[in-house]
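All remarks here apply to the structure that follows.
Everything quoted here is computed from the prediction, not taken from an experiment. Here is how names work: the chains are called A, B, and so on, in the same order as the sequence lines, proteins then strands, and each is numbered from 1.
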Amino acid sequence: MADRFPSPFDISTPDGAEGWQELYTYSSLFGEERRDYEDAAFWFHDGVHWPEALTPWDTTFMEFAIASLSQYNTRHYLIPPAYGVDFRILNGYVYLSPVPAPAEEIEARVPLFMERAGFYFANWDRLYDDWLVKIRDLVKEMTELSFVSLPDMEEMEVITSGAGKGSGNELLASYHRLLDLSLTLWQYHFEFLNLGYAAYLDFFGFCKAAFPSIPDLAIAKMVAGVDVDLFRPDDELKKLARLAVSSGVDGRFDAGDVATVWEKLESDEAGRAWIAEWERAAEPWFNFSTGSGFYHSDKIWIENTEVPVGYITDYIVKVKEGVDLDRPVDALHVERDRVVGEYRELLDSDEDREAFDAKLGLSRTVFPYVENHNFYVEHWAHSVLWRKMRDLGKVLESAGFIADTEDVFMFKRSELADVLWDLYAAWAVGAPARGPGYWPGEIQRRRTIHQALKEWSAPPALGIPPEVVTEPFTVMLWGITSDSVSAWLNSGEGDDEGVLSGFAASPGLVEGPARVIFSADQIGEIEDGEILVAPLTAPSWAPIFGKIKATVTDVGGMMSHAAIVCREYGLPAVTGTAFGTKTIKTGQMLRVDGNTGKVTVLDS
Amino acid sequence: MSECPSAIPFGTLTTEHHPRVGGKCASLGTMSQAGLPVPPGFAVTTRVFRDAKAHSGSEHRLVEIVDGALDGLAVITQDALEEVAAQARELLMTWEIPEEHETRIRQMYDDLCRLSGLEDVPVAVRSSSTAEDSPDASFAGEHDTYLWVCGIEDVLEKIRCCWASLYTGRAIMYRHELGYDHDKVDMAVGVQKMVRPRAAGVAFTLDPTNGDRSGICIDAAWGFGEGVVSGDVTPDNFLVDKVMWSINRRTISPKTHAHLLTEVEGSGHPRVSRVPVPEDRVNAPSLTDEEILTIARLARAAEKHYGCPQDIEWAVDDDLPAGQDAVLLQARPETVWSKKHHAVGAKPDPMASIVDTLVNPLYAKRRTQPA
């Protein structure tokens, strides 16, 4: 077994991707100036959130997210053993490295952490209620941002109101504002999350000490909420499907394409009533990404209505077959109580039961945030931000700076301010801008590079692994443990051919043909009874879970959003296999053991 | 009490029947009622014994033989005892099972044959005397048990042999010493299928490697469980979570030998012996996932029934239909880990505990064995 991963400095540039470094912020690249530090560290590829090569602008949310996460550990709550998580981009892929607090500082950080984190735990419910207001206000402010082409002449009102400033100023300010709001969004995201995980880890550790063999998912099940916002979009689809059947408009969905379906619905009262219900559900619940929400290319339901309408059409068929689509909420509550009650009874003493009750109680206090924040941030707010960026893209497209709206994501975040300056200054002067001659060619070059990067396969880790992975958030958020690191080191040595190991994320044992899917666009290829193999699965894929027999992912741990949905649907799942989509081919027979985390290719 | 039936399957034997089925059968009935599937069979109640006695018209003769002979003696010699016992047994063996009862017993044996898919299913015919109910006397082993009894004629014969075993020398002596009235002790008989295991073994309702009470640990091998108990085969090992019912660990061992039933020429009795396992089964799991979970649930039911961790012996009977083929052979309290305390001892202050979790994360800790 190898004892280290390749150095980031030994990774070569894929053919056709020469000059890729120019696509990303200079501070996010590996470089000679920090080589000693970078070469001595352990870096893992974050395929949970960023499985594919990023376009230049899409690095924005990655950088904002990881810096914000870090800031709370390092500067707000002073998590005793952990600083933040360092981040780099290599060949377009995201690599992360947890930074431990220096050993000599840990003791001094303890009382500060207890005071600061203690305040949040003690006032959690009030602060979380405030958070829900803050996040809605923030999304509202994002929604109000406006990006429109600069006028040939300012309105008379600008003169008469004595505004003293014009549309160009506004355009530049709006872009700055969009970036500021985005960073605030990510600050809010991590206001509670690290503490939520800390409380959960404490309960988790207690359970593992009491019951060394307890499955991780049993612990998750005791804490997890039953009524979670992440299930709302799917629940709304089911409601709409039922309404279509009960109000007799279901036949109109046979038309297939959304435009025709809509036209038929609008033709009468019942149809219009259904559309009114759709609109009520769509804001905010269909601001739902088909991916992780971190890619501009992820499809958002509200803008790609063929996706939710397709799901509704499938659900209509089930409603008519008499299938009960409701999540068995009461049964789930009963089951959760049973699991808690039985483990509790097995504890050794009343002192242990008291500690168990207290830790479970705190975990359940913090968990609604852990479960729900994702919808508000990655799905809802990001959907709004991607829309605003496209509005900005249209401005640049009509000014001839770019050939296509989507090209706006080929600019770096800070570069875009300069581009807008170019646009503004030329507009102000009344002379040609440099952009229209410069950018279309440059963007073409960048697209070629990005395409080459997309075809590259990112190694799961780089550098020198720690003897044991101890950083709590690495374990919790990314599912990276000493075991998974050694599994990566062992891979390719052929000692267990045809067998992949990952997390036993959802129990059960099944066999079936594989369907390898790389993105949400391919969801339509999935057939009944297949085993889904994907880099990761997004919660918005929920409707396909009624078709498949099991799920295998490359990345993710016990608490990945996908694992939650799989458990919900009672499907076996093995997550974090690292090489699933590389090893398995569509059509191969697989055995997926969600009890042990093993995936066996039966006809390799 | 309504009139007692002549024979009652263990599965429907309730406490109401206990006074009429003897200690052994009452215990089998209690286990069945608690969801502990003992090998199937039925109890032939004391009603049959009493009716046979009444029909024989030799009740007084029996009292004369036993009490009359022994009461007159100052010292009971072994010879005198054996003489009396032999006479009593001879008399009992003349008793006939009344026809209505015999019909019922034939029907029950027939049901057992049908359930097992065998023409003359081998059964154990066990004595179950009412004196066994007594809390101050065990009577264990005082009466006879007959193994590998095949065919209804032999079963009927052995039922009468069990009756007769009320009057072995040592049983008479035991009752005599404890002051029991011989005439008040009745004999019921248990007729129970002999298990022919496809796989068998033991199970603990905790993980014996670390005392984890949430685990059920199963050792399993092909054939009879003797090899697992004695250690002359290396069993497969499975660890099941008793709350989630997931199989958390499975170790498939090379099982080169198995204890199987072999016919011994001329003896009429089959015998269990250690034989090599066909190559294709050596490394195959000896239990399916479904069987693993069934046995785990059976062990958990025993733990709940007896109120403490259990060490059980179980078998999957090849003759019984799927779903009814996992049977409990024996249950006794687990004694090693149950006596130890292994409290977690978390810091009572929640913040201090969280700091502890963050500074000394679980993943950095070596799994330690509690002392």
Problem - CD/B:Gln330: more than 12 non-hydrogen atoms of other groups inside 6.0 Å - result: yes

Problem - A:Ala117 versus chain B, the contacting section by heavy-atom distance below 4.5 Å - result: both

Exercise for the section: Considering only heavy atoms, give the residues of residues 312-327 of chain B separated from chain A by less than 4.5 Å, sorted numerically, with 'none' for an empty result. Expected result: none

Practice task
Could I get the full list of side-chain contact (heavy atoms from CB on, under 4.5 Å) partners for A:Arg591, not counting sequence neighbours?
Solution key: A:Leu509, A:Glu511, A:Thr600, A:Leu602

Exercise for the section: Check each atom of A:Glu351 against the heavy atoms of chain B and say whether the ones under 4.5 Å are side chain, backbone, both or neither. Expected result: neither

Handout entry: Parallel, tilted or perpendicular: ring planes of A:Tyr369 versus A:Phe192, cut at 30 and 60 degrees
Key = tilted

Fill in the blank from the handout: Turns out that what part of A:Ala210 lies under 4.5 Å from chain B's heavy atoms comes down to both

Handout entry: Interchain contact, A:Phe121 with chain B, by part (heavy-atom threshold 4.5 Å)
Key = side chain

Handout entry: Within-4.5 Å side-chain heavy-atom neighbours: A:Phe211 and B:Val243
Key = no

Practice task
Would you mind checking which part of B:Leu239 comes under 4.5 Å of any heavy atom in chain A, side chain (CB onward), backbone (N, CA, C, O), both or neither?
Solution key: side chain

Exercise for the section: Using only heavy-atom distances, determine whether the side chains of B:Asn248 and A:Ser213 contain a donor-acceptor pair under 3.5 Å. Expected result: no

Handout entry: Stacked cation flag B:Arg281 on B:Trp222, 6.0 angstrom / 45 deg
Key = yes

Exercise for the section: Evaluate whether atom CD of A:Glu335 has more than 12 neighbouring non-hydrogen atoms of other residues, nucleotides or ligands under 6.0 angstrom away. Expected result: yes

Fill in the blank from the handout: A:Met222 and A:Cys207 have their tightest heavy-atom pair at CE-SG, 4.1 Å

